[in-house]
Amino acid sequence: MAVPPPPTTTRPNKDQNRRGGPNRERRSSFDEKRGNRNWMDDERYGNKRKKNHKSQERRQEVAMPPVQRRVVISGPIVVKDLAEQLGAKATDLIKRLIALGVMVGVNNELDKETAVIVATEMGAQVEERASVEEREEILLQGDEDREHELQERPPVVTVMGHVDHGKTSLLDKIRSTRVTASEAGGITQHIGASVIDWNGRSIVFLDTPGHEAFTAMRARGAQVTDVAVLVVAANDGVMPQTIEAINHAKAANVPIVVAINKIDLPDVNPERVRTELTEHGLVAEEWGGDTMMVPVSAHTGEGLDKLLESILLQADIMELKANPNRAASGTIIEAQLDRGRGPVATVLVSRGTLRVGDVFLSGSVYGRVRALINDRGERVKEVGPSMPVEVLGFNQLPEAGDDFVILEDERQAKSIADARASRSRQSSESGSRGVSLDEFYQRLKDEAMQDLNLVLKADVHGSAEALAQSLAKLSNDEARVRVLHIGVGSVTESDVMLAQASGAIIIGFGVSIESKARQLAEREHVDVRQYRIIYEVLDDVKQALTGMLTPKFQEVFLGRAEVREVFRVPKVGAVGGCYVTEGKILRSGQVRVVREGTVIHEGSIASLKRFKDDVREVASGYECGIGLEKFNDIKVGDILEVYTQEEVKAS
């Protein structure tokens, strides 16, 4: 029997394997023994195959979105942050948003409503939470008062009127006659408000310098006045500041009680005052209207009882109530820095009871009440609704018009104060608070009905009335033109403050802007527009109402100069010897000649000299000679306003 040769130990090369060689026979015999099954079915590879299947299944599980994810949305959220919360790719989220008609990038911010909609569509369980500001507001507002918890509170009264019509004298007379002698002797300081007791009831009078302070507080969101007392002198009648006071009170929706003062003077006619007030929408009750008008005398005290009775009657009609049994809240009336006592502020409590030791927050300022001092200079432990009180304990000086609320602990107060300060800085850096004519149509699209508030100043009464009537006719179904105030003369700080508080636009027709008013308008982003042709005013307002405002040229103020001498130069004409009071005068600028608040000429500068040299510009604080093209009627005292025009696109 032949013995088979021993197996070769020579390792086959790659070519042999590729062509078959010895290994081919071994593989075929192996397949025969295993029942012609593929080598991948061998037990040695079975476990590895199972592992591969498991890893593939795990990868599929990771790639699949969660069955139900819980997403918390409290306000605007960045796309990539929402994608992380959803457990989805940012690209998938963007595709879904595009399908909804929202074109965004990965770093763009979504508003709260859109984020909730898209998260819900992607199968997430959405929990909506209040934003930081909303939670802060809820915390500061507290629970709503129930009807049975409310008690009657004293009315808060502001006295307004024209200069020299007797506002201060009337208030002093009321104080001296309605405060007992012992209490009057205890008045050691002035805290910006007085409490008058009459027939067992109290009335709080705010000592404001006029409608400017009244409107400045309202511009900051503080509506502290319940009733406005309008003082009109019987011998003078309705004056420009009287009209301003009426318009400011109406814009604030505050009821007016008229005090016709100085009836003790000879030959006065209160009926004439009633007639003049009727022209401004105030109709006396005796004539079938709803405005209480009381003849008084600040000199003799005549009619004061009737005036106080009318104020309380108006308060009864308004049903003024507050809950005294809760943490206090109120408004800062005025604030000052006292050397000995530090920051001190007068607070008017609107509801609740303020006590010594309470932790408070006011705007971005906080502290703990160290002392309370009433209007008679007495230290008290607590004060209730509608009561004014001087508060010590501020860490910084607050601003008039800021809110004043009581919180549980100082840490909470500090946290909110810091957050408010941060938001205030961002707000002041990022944008304006006013509204411009260019932006009005965008606001019109966002709201069903919109008022376009205007403050109108013109060179003469005739122009002002004609313009106001023409503007009123431009109102349509979607927008209404409201002229809040009509005046004659240059645009003043008071006009800017009213516009800022009411979201109004100032129209100056043939008048200039006072320097301080212009600075305030720039600071508060109030839109002031100057015109010389009535049709341009009407066209701009009409286009704003219809959303067709086109890009135009905007006036940019450069400088102001006062004419102090006038020189007559042969073959040249009149040259003004001027002193530059503000900004700078550019030779290339346009010039406006203002005489006694009225614009009398607009044109170009013909020559600008320093001594005998022609110059391009003259800075503030220097003298110069200015010649105007086609205008020789320059007079000493004229103001030359220099400006340029730059093209701006509509928002």
Side-chain angles (χ1 to χ4, degrees), residues 132-143 156 188-193 195 204 206-208 213 216-217 219-224 322-428:
V132 176
E133 292 84 355
E134 291 170 338
R135 290 199 299 271
E136 181 184 306
E137 191 66 26
I138 293 168
L139 174 67
L140 298 179
Q141 287 292 331
D143 299 328
V156 181
T188 56
Q189 59 200 32
H190 176 72
I191 71 164
V195 182
V204 179
L206 295 184
D207 303 339
T208 63
M217 290 189 64
R220 297 186 59 78
Q223 190 80 351
V224 297
N323 178 14
N325 302 312
R326 61 172 298 161
S329 62
T331 306
I332 304 291
I333 300 300
E334 60 181 27
Q336 59 185 1
L337 195 60
D338 190 289
R339 281 189 178 182
R341 301 181 298 171
V344 179
T346 300
V347 176
L348 185 72
V349 180
S350 57
R351 62 178 183 174
T353 300
L354 179 61
R355 298 178 175 87
V356 174
D358 285 347
V359 173
F360 62 81
L361 171 72
S362 177
S364 56
V365 176
Y366 68 97
R368 186 183 294 272
V369 178
R370 290 194 285 112
L372 297 173
I373 302 168
N374 66 13
D375 63 311
R376 300 180 180 90
E378 304 163 345
R379 287 202 172 220
V380 293
K381 292 185 177 179
E382 61 180 40
V383 289
S386 289
M387 289 293 109
V389 66
E390 199 171 60
V391 177
L392 278 67
F394 290 84
N395 70 322
Q396 296 177 30
L397 193 66
E399 291 194 45
D402 276 349
D403 55 358
F404 181 92
V405 293
I406 300 302
L407 298 178
E408 293 181 0
D409 60 80
E410 203 162 335
R411 181 183 301 173
Q412 188 182 55
K414 184 180 186 302
S415 173
I416 297 176
D418 292 344
R420 281 182 169 184
S422 176
R423 288 201 301 270
S424 178
R425 284 193 299 270
Q426 293 173 1
S427 174
S428 61

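When reading the values below, keep in mind they use all heavy atoms of this one structure, side chains included, and skip hydrogens, waters and symmetry mates.
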Does the ring center of Y366 lie less than 6.0 Å from the ring center of F360? no
S329 backbone acceptor or donor facing S350 side chain under 3.5 Å: yes
Is there a donor-acceptor contact under 3.5 Å from the side chain of S362 to the main chain of D403? yes
Would the distance check show the side chain of D375 and the main-chain N or O of V195 forming a donor-acceptor pair, the cut-off being under 3.5 Å? yes
Checking the side chain of N323 only, and the main-chain atoms of G352 only, is there a donor and an acceptor separated by less than 3.5 Å? no
Backbone N or O of S415 within a donor-acceptor pair of the D418 side chain at under 3.5 Å? no
Shortest non-hydrogen contact from L348 to P388? CD1-N, 3.9 Å
Hey, does the side chain of R368 reach the backbone of G357 with a donor-acceptor pair shorter than 3.5 angstrom? yes
With sequence neighbours left out, write down each residue that passes side chain to side chain contact (heavy atoms under 4.5 Å, CB included) with A328, or none if nothing qualifies. V349, L354, I406
On a heavy-atom basis, which atom in N374 and which in V380 lie closest, and how many Å separate them? ND2-CG1, 3.8 Å
Could you check whether any side-chain N or O of T353 sits under 3.5 Å from a backbone N or O of N325, counting only pairs where one atom can act as donor and the other as acceptor? no
Is the shortest distance from a Lys or Arg side-chain nitrogen in R341 or E390 to a carboxylate oxygen in the other one below 4.0 Å? yes
